[in-house]
Each structure stands twice: as C-alpha cells, then as structure tokens.
Q: 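My structure is below; once you've seen it, I'll send some questions.
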Amino acid sequence: MEVEGATPSSELRQALDQLADLEQGPVGLEEAIERVVAAADALFGVDGTALMLVDRDQVLRNLAASDRRAALLEELQATHGEGPCVDAFDDKQPVSADDLAREDRWPAFSPAAAGRGLRAVLASPIPYSDQAVGVVAVFAAEPHPWTEAEREAIVAFTDLVALLILNAMEATERGRLAAELQGALDSRVVIEQAKGVLVGRHGLTTRQAFDRLRRQARDQRRPLTEVARSVVSAAEHR
C-alpha cells in the first residue's frame, strides 16, 4: 500500500489536487467517477476499487469498478444483506475488514467473499445531506491490516465523490444518474416510514424491519417501495 503517515499524506494530497478540476469542470459525472476509481486504485495500490450507489430498493449497486471482483462484492452483499459496505452505508461510518477469512461480523458474506478472492475490504459511505447515498470500497486479494492513514484517505475520496454528486444533483440540466439517485432518495422516505411501523408494531430493530420488508418484496415479487407503501397505508387505516 502506498498511503503512509499522517493525514493527509503527500500522495493523497497530490491525487486529490489532480482530481479537483472534476468538481466544476465540463467532465460528466460518470466519467468523473471513473477517474476517481482509477485514482483510488493507484493511490492505495489495491487489487480493486468499487463505487456503489443505492438503488430504489435501497440496495448498493456498482456504478464504477476497476476489477471484476467488484461485481462479486456487490452481488454477495445484495444476496446476504450484510457486509462491510452495507454496514458503512447503514451506520454512515467507515468499516474495515483486514481478513474476511477470519471475520465473524458477517457470517454468510465473509466466507463466500474470501473464497472468491476478496480477503480485505475498506469501505466508506458517500454522504449527501444527512444521509448516505452510496459507498466507496477498496479491496485486496490477500489479508491486509488497514492503517489509520488509509482510513482517512478513503474518507477524503468519498468526500470528493460526494461533491461530484452534489454538483450533479444541483445542476440545472441533470443527467440520468442524478435522476435515478433522486428516485432512490425519494423511495427511502417511504421505506423508512415502513420500517418505523414494523419497529413500533413488532419490536424489531431497524435492520430486522428492513430485512422483513426485503423478504416480503422478494417472496411477493413486488418492488420494495410498493411493499413499504402498503405497510404504511395499512398502519394509517388501522
């Protein structure tokens, strides 16, 4: 790994300076994010970087990735509903895993990921207003003890991504990606309301409430937002 010492390192500052023109330049959001992912690969010296944004069902999906294993990172976390990126997104805090083969926080995800060449992951949420809208994650094919400097560096990268997204959301002519992200933010409102109903009615945790909504949507083959609306509507008519 290339990042060492105090924050910000000279390597980090140089990388961010090279990307600073993306905030206000003519480059489109998709191209800007591709450049951020490539820069993260080079800075951290990792085997891959993934930038995920939440979709309308509040599932993290890859927007940009530098390695095919990023698709596995997305797929396994979506399938099992757990993992470092999920926790980083839910808790709005960076999450690190030095060796997934020895990790018990995610009993279903960890062995599946380690068996497919994902051994170490460092993930940081992308903030937007008072919410998270996605995650930046770097991963290694071998165990890696993430340093404090690396944690600080990935937070700096996610802050840059957040600025790019904020500019895109506030632009007069918003692109497809900004429209999709707005849809995801709008759907979150009703999903949060439905989670609140289930927490109050059944004494569940917010994570358990979300898992119940997801399971119902999957079993009924309905969009998660539609299931959430039905839960809220039923509660309002009680």
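What you are looking at is a predicted structure, and each value in this text was computed from that prediction instead of being measured.
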Q: Taking the side chain from E150 and the backbone from T147, do they hold a donor-acceptor pair closer than 3.5 Å?
A: yes
Q: Give a yes-or-no answer on whether the side chains of Q208 and H202 include a donor-acceptor pair shorter than 3.5 Å.
A: no
Q: Taking all heavy atoms of P84 and all of A123, pick out the closest pair and write down the distance.
A: O-CB, 4.1 Å
Q: Shortest non-hydrogen contact from P127 to A162?
A: O-CB, 3.3 Å
Q: Please list, chain by chain and in numerical order, all residues satisfying side-chain hydrogen bond (donor to acceptor under 3.5 Å, both in side chains) with E103, sequence neighbours excluded.
A: R105
Q: Between K195 and E192, is there a salt bridge with N-O shorter than 4.0 Å?
A: yes
Q: What closest approach, in Å, do S96 and W146 show between heavy atoms, and which atom pair accounts for it?
A: CB-CD1, 3.7 Å
Q: Take F44 and T49 through the test side chain to side chain contact (heavy atoms under 4.5 Å, CB included) and record every step on the way to the result.
A: CA-CA 9 Å; F44 289 92; T49 301; 5.8 Å; no
Q: Quick one: side-chain hydrogen bond (donor to acceptor under 3.5 Å, both in side chains) partners of Q220, sequence neighbours excluded?
A: R222
Q: Determine, stepwise, if the pair R151 / E148 fulfils salt bridge (charged side-chain N to carboxylate O under 4.0 Å, His left out).
A: CA-CA 5 Å; R151 293 186 183 90; E148 186 61 29; 3.8 Å; yes
Q: Taking only residues two or more places apart in sequence or in another chain, which ones pass side-chain hydrogen bond (donor to acceptor under 3.5 Å, both in side chains) with T225?
A: none
Q: Which residues pass the side-chain hydrogen bond (donor to acceptor under 3.5 Å, both in side chains) test with D159, not counting sequence neighbours?
A: none
Q: Taking side-chain contact (heavy atoms from CB on, under 4.5 Å) as the test, write out the residues that go with A108, two or more places apart.
A: H80, E82
Q: Answer yes or no: is there an ion pair linking D87 with R207, defined by an N-O contact shorter than 4.0 Å?
A: yes
Q: Does F210 sit in a hydrophobic cluster with other residues, and if so which ones, taking ILVMFWY side chains as linked at heavy-atom separations under 4.5 Å, directly or through other members?
A: V190, I191, V197, L198, L204, L213, L224, V227, V231, V232
Q: What are the two closest heavy atoms between Q58 and A184, and how far apart are they?
A: NE2-O, 3.0 Å
Q: How many angstroms lie between OG in S187 and CD in E226, if you round to the nearest 0.5 Å?
A: 13.0 Å
Q: Let me check something: do V37 and L63 share a hydrophobic cluster, defined by ILVMFWY side-chain heavy atoms less than 4.5 Å apart, either directly or through other members?
A: yes
Q: Please determine whether side chain to side chain contact (heavy atoms under 4.5 Å, CB included) holds for the pair I126 and L51, giving the CA-CA distance in whole Å, both sets of side-chain angles, and the decisive distance to 0.1 Å.
A: CA-CA 9 Å; I126 302 170; L51 193 155; 4.1 Å; yes
Q: Considering non-hydrogen atoms only, spot the tightest contact between L73 and C85 and give its length.
A: CD2-SG, 4.1 Å
Q: For the residue pair L122 and V46, establish whether any side-chain heavy-atom pair is separated by less than 4.5 Å.
A: no
Q: Could you tell me which residues satisfy side-chain contact (heavy atoms from CB on, under 4.5 Å) with V199, sequence neighbours excluded, listed by chain and number?
A: T206, A209
Q: With side chain to side chain contact (heavy atoms under 4.5 Å, CB included) as the criterion, how do Y128 and L185 come out once you've worked through the C-alpha distance, each side chain's angles and the decisive distance to 0.1 Å?
A: CA-CA 10 Å; Y128 180 77; L185 294 173; 3.5 Å; yes
Q: Donor-acceptor check, side chain of S110 to backbone of P107, threshold 3.5 angstrom: yes or no?
A: no
Q: Tell me, which pairs form a side chain to side chain donor-acceptor pair (under 3.5 Å) where one or both residues lie in residues 69-78, sequence neighbours left out?
A: D67-R69
Q: Walk me through whether Q182 and D186 qualify under side chain to side chain contact (heavy atoms under 4.5 Å, CB included).
A: CA-CA 6 Å; Q182 186 61 58; D186 292 342; 3.0 Å; yes
Q: What pairs meet the salt bridge (charged side-chain N to carboxylate O under 4.0 Å, His left out) rule with one or both residues in residues 118-146, with sequence neighbours excluded?
A: D99-R119
Q: Could you go through residues 134-141 and list every donor-acceptor pair under 3.5 Å that involves a side-chain atom there, pairing it with any protein atom two or more places apart or in another chain?
A:
none

Q: Test of understanding: with side-chain contact (heavy atoms from CB on, under 4.5 Å), list the residues that count as partners of A113, not counting sequence neighbours.
A: L76, L100, F109, L118
Q: For R188 versus F89, what's the shortest heavy-atom pair and its separation?
A: NH2-CZ, 2.9 Å
Q: D55: which residues meet the side-chain contact (heavy atoms from CB on, under 4.5 Å) condition with it, sequence neighbours left out?
A: D57, V59, R61
